[in-house]
*Asks:* 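Just dropping this structure here.
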Amino acid sequence: MSKAAVDVPMKGGFSFDLCRRNEMLSKKGVQPPSFLKTGTTIVGLIFQDGVILGADTRATEGPIVADKNCEKIHYMAPNIYCCGAGTAADTEAVTDMVSSQLQLHRYHTGRESRVVTALTLLKSHLFSYQGYVQAALVLGGVDVTGPHLHTIYPHGSTDTLPFATMGSGSLAAMAVFESKYHEGLTRDGGVRLVTEAICSGIFNDLGSGSNVDVCVITKGQTEYLRNHQLPNPRTYINEKGYAFSKKTEVLLTKITPLKEMVEVIEGDAMEE
Amino acid sequence: IFEYNGSAIVAMVGKNCFAIASDRRLGVQLQTIATDFQRIYKIHDKLFIGLAGLATDAQTLYQKLVFRHKLYQLREERDMKPQTFASLVSALLYEKRFGPFFCQPVIAGLGDEDKPFICTMDSIGAKELAKDFVVAGTASESLYGACEAMFKPDMEAEELFETISQALLSSVDRDCLSGWGGHVYVVTATEVTERILKGRMD
């Protein structure tokens, strides 16, 4: 093909060229691969000075825990963070993409990003893919107009709420919020409530687990408390470890010493 | 479709070194057609990628990645850092979100100041960084268990080799679709040691 040299895709967006082949394979009875999901508990609430977001840290691949300590609270802007539930690749890709769009917008306008900007960018992207991009998000931040908290569903609908939960553990977390939330929470009260909600998701929902991550966003300052609480430490650690008395049989060994990288200091710069 | 060819790949982090290992069987469902198949490829001296899953997609993806890396080397006049490479692989895989490559990569490399870096992804590019070990392939469930039990932090190169080999061989023994020996690369700041292991030939 004469186009082979221009394989590097500069335009971005999705490429569908393997779809026909994959459809042929699935007709022959081959199952498509399973994706990494973050069957999750993610929460957000508004307190008197700003917004607090919380998430668990387990990533599952079917019934197996693939990552015991993954990050579900993604950075969007210095004053806006977003938690993601659903297919892990979708939440990461969508939040990275909108984060860079927000950065460009900040350079263009010279102002701090607003939460509604991020909200509109996310919802229009998700709606245009009609729910196939499986990302359910809790977006929170503080901008010039005050603290905001929104939930975004995979098909593109949004809600604006004082407290919100998403993910498989959302019912467990919402139960905690509905009973204990009140307006005018202090920072410590809010962090405690969020931690309690996430813990209820961790202990009662099978798709959520491991540790609690919390992010506190106030006007002018953001604190990302990674692994704020570790309610599941590893028990029964074998102190001695494994000693292998019978060594593995090696058939062939090839050792390649690595050469020192030669630094080219002198020389003309390449002409563009 | 991941169970068409069979594969097992594991990468572990040690003290200023890392090790990446794979099995060597290539099969067409239950029939073995090759016992020396290479699943771990070298991108540059300190960066290796292992590709589990459908063998044809693994080879195509490897060729695309080598192409992109060579372009990068020409433009930037240096090698890619492992974190950058992981983002590149993730972007390439996510681009095919609705018609994915049936491939799970395991990336292992030495970054700045020879700090080891490992990560794995699912078939659409969801990165999963780990500080201890990552696994991929049909034997991944047994590998999770074996590595969880045998891993210790901050192992030296020799001990790391022993641990990763034992974990790999014991896991592939429990999986019909992978096996027939092992291929282990242990990379430290000064040398790359490539070893072929003898395992059960069944």
Side-chain angles (χ1 to χ4, degrees), chain A residues 7-9 12-23 25-26 30-38 59 61 63-71 87-93 96 129 132-133 234 238 241-242 244 246-259 261 264 270, chain B residues 1-4 45-46 53 57 64 67-68 71 77-79 90-91 93-104 120-131 140-141 144 149-152 161-163 165-166 169 181-182 184 187-199:
Chain A
D7 186 20
V8 184
F14 292 125
S15 106
F16 294 95
D17 49 354
L18 287 180
C19 281
R20 200 178 281 173
R21 175 202 80 154
N22 291 1
E23 219 180 288
L25 283 169
S26 65
V30 211
Q31 288 140 336
S34 74
F35 305 141
L36 197 76
K37 295 186 97 68
T38 57
E61 199 165 348
I64 307 283
V65 176
D67 194 351
K68 289 181 283 192
N69 206 355
C70 72
E71 279 187 32
T87 305
D90 287 332
T91 56
E92 273 179 42
D96 278 345
Y129 285 98
Y132 280 99
V133 177
R234 186 159 173 197
N238 188 354
Y242 277 85
F244 302 110
K246 196 167 161 196
K247 301 272 174 204
T248 39
E249 259 190 74
V250 178
L251 288 173
L252 166 72
T253 312
K254 189 167 91 176
I255 302 184
T256 325
L258 292 176
K259 295 187 285 264
M261 288 296 294
V264 179
M270 261 172 52
Chain B
I1 188 60
F2 279 112
E3 292 172 17
Y4 189 74
D45 276 338
K46 291 184 181 172
D57 278 351
K64 283 187 189 240
F67 167 63
R68 297 291 292 265
L71 270 182
E77 295 175 5
R78 64 182 175 91
D79 290 330
S90 178
L93 291 173
Y94 192 68
E95 213 196 327
K96 305 257 184 283
R97 161 72 171 91
F98 297 116
F101 282 113
F102 293 135
C103 208
Q104 263 183 313
T120 184
M121 289 166 210
D122 68 347
S123 55
I124 43 175
K127 257 187 293 196
E128 193 198 302
L129 310 167
K131 294 197 192 63
S140 61
E141 291 175 19
Y144 272 126
M150 296 182 192
F151 180 80
K152 285 192 303 255
F161 163 71
E162 200 54 50
T163 310
S165 313
Q166 293 282 357
L169 289 177
V184 185
V187 181
T188 63
T190 49
E191 60 180 14
V192 172
T193 313
E194 180 192 334
R195 289 193 186 94
I196 300 185
L197 306 172
K198 178 170 169 191

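Residue numbering restarts at 1 for every chain, and letters A, B, ... go by the order of the sequence lines. Only a predicted model underlies this, so the values are computations on that prediction, with no experimental measurement involved.
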*Asks:* Taking all heavy atoms of A:Leu25 and all of B:Phe102, pick out the closest pair and write down the distance.
*Replies:*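 Answer, listing the atom of A:Leu25 first, then B:Phe102: CD1-CE1, 3.4 Å.
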*Asks:* Could you tell me which portion of B:Ala91 (side chain, backbone, both or neither) has an atom closer than 4.5 angstrom to a non-hydrogen atom of chain A?
*Replies:*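 Neither part.
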*Asks:* Could you check B:Asp57 against B:Lys64 for salt bridge (charged side-chain N to carboxylate O under 4.0 Å, His left out), going step by step and ending with a plain yes or no?
*Replies:* CA-CA 10 Å; B:Asp57 278 351; B:Lys64 283 187 189 240; over 6 Å; no
*Asks:* Heavy-atom distances under 4.5 Å only: say whether B:Lys46 touches chain A with side chain, backbone, both or neither.
*Replies:*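 It is the side chain, since no backbone atom gets that close.
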*Asks:* Which region of B:Tyr94, side chain (C-beta onward) or backbone (N, CA, C, O), has a non-hydrogen atom less than 4.5 Å from a non-hydrogen atom of chain A, or is it both or neither?
*Replies:*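 Contact with chain A involves both backbone and side-chain atoms of B:Tyr94.
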*Asks:* Counting only non-hydrogen atoms closer than 4.5 Å, does A:Arg20 touch chain B with its backbone (N, CA, C, O), its side chain (CB onward), both, or neither?
*Replies:*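 Neither the backbone nor the side chain of A:Arg20 comes within 4.5 Å of chain B.
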*Asks:* What part of A:Asn69 gets closer than 4.5 Å to chain B, counting heavy atoms only: side chain, backbone, both or neither?
*Replies:*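 Neither part.
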*Asks:* Would you tell me whether B:Lys96 and A:Ser15 have side-chain atoms, one donor and one acceptor, within less than 3.5 Å of each other?
*Replies:*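 Yes, a side-chain donor-acceptor pair sits under 3.5 Å.
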*Asks:* Counting heavy-atom pairs under 4.5 Å with chain A, which one of B:Ala126, B:Ala189, B:Ser140, B:Ser165 comes out on top?
*Replies:*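 Most heavy-atom pairs under 4.5 Å with chain A: B:Ala126.
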*Asks:* Any side-chain to backbone donor/acceptor pair from B:Arg97 onto A:Phe16? Under 3.5 Å, distance only.
*Replies:*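 No, B:Arg97 side chain to A:Phe16 backbone: no donor-acceptor pair under 3.5 Å.
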*Asks:* Assess whether a salt bridge exists between B:Asp122 and B:Lys127, defined as any Lys/Arg side-chain N lying under 4.0 Å from an Asp/Glu carboxylate O.
*Replies:*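 No, no charged N to carboxylate O under 4.0 Å.
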*Asks:* For A:Val65, is it the side chain, the backbone, both or neither that has a heavy atom under 4.5 Å from a heavy atom of chain B?
*Replies:*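 Backbone only.
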*Asks:* Let me know if B:Thr163 has heavy atoms under 4.5 Å from chain A in its side chain, its backbone, both or neither.
*Replies:*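 Both parts, heavy atoms under 4.5 Å.
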*Asks:* Relative to chain B, which segment of A:Tyr129 carries a heavy atom at a distance below 4.5 Å: side chain, backbone, both, or neither?
*Replies:*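 For A:Tyr129, the contact with chain B is made by the side chain alone.
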*Asks:* Does B:Glu194 have more than 12 heavy atoms from other residues, nucleotides or ligands lying within 6.0 Å of its CD?
*Replies:*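 It does: B:Glu194 CD has more than 12 such atoms within range.
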*Asks:* Which region of B:Phe161, side chain (C-beta onward) or backbone (N, CA, C, O), has a non-hydrogen atom less than 4.5 Å from a non-hydrogen atom of chain A, or is it both or neither?
*Replies:*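 Answer is side chain: those atoms of B:Phe161 sit under 4.5 Å from chain A.
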*Asks:* Taking all non-hydrogen atoms of both residues into account, name the closest pair between A:Ala89 and B:Gly125 and its distance.
*Replies:*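 Closest approach of A:Ala89 to B:Gly125: CB-C, 4.2 Å.
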*Asks:* Less than 4.5 Å apart, side chain to side chain, heavy atoms only: is that true for B:Gln104 and B:Met121?
*Replies:*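 B:Gln104 vs B:Met121: side chains apart.
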*Asks:* Go through the atoms of B:Leu93 and report whether side chain, backbone, both or neither lie under 4.5 Å from a heavy atom of chain A.
*Replies:*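 Neither part.
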*Asks:* May I ask you to name which of B:Ile124, B:Thr193, B:Leu197 has the most heavy-atom pairs under 4.5 Å with chain A?
*Replies:*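 Among the listed options, the one with the most contacts to chain A is B:Ile124.
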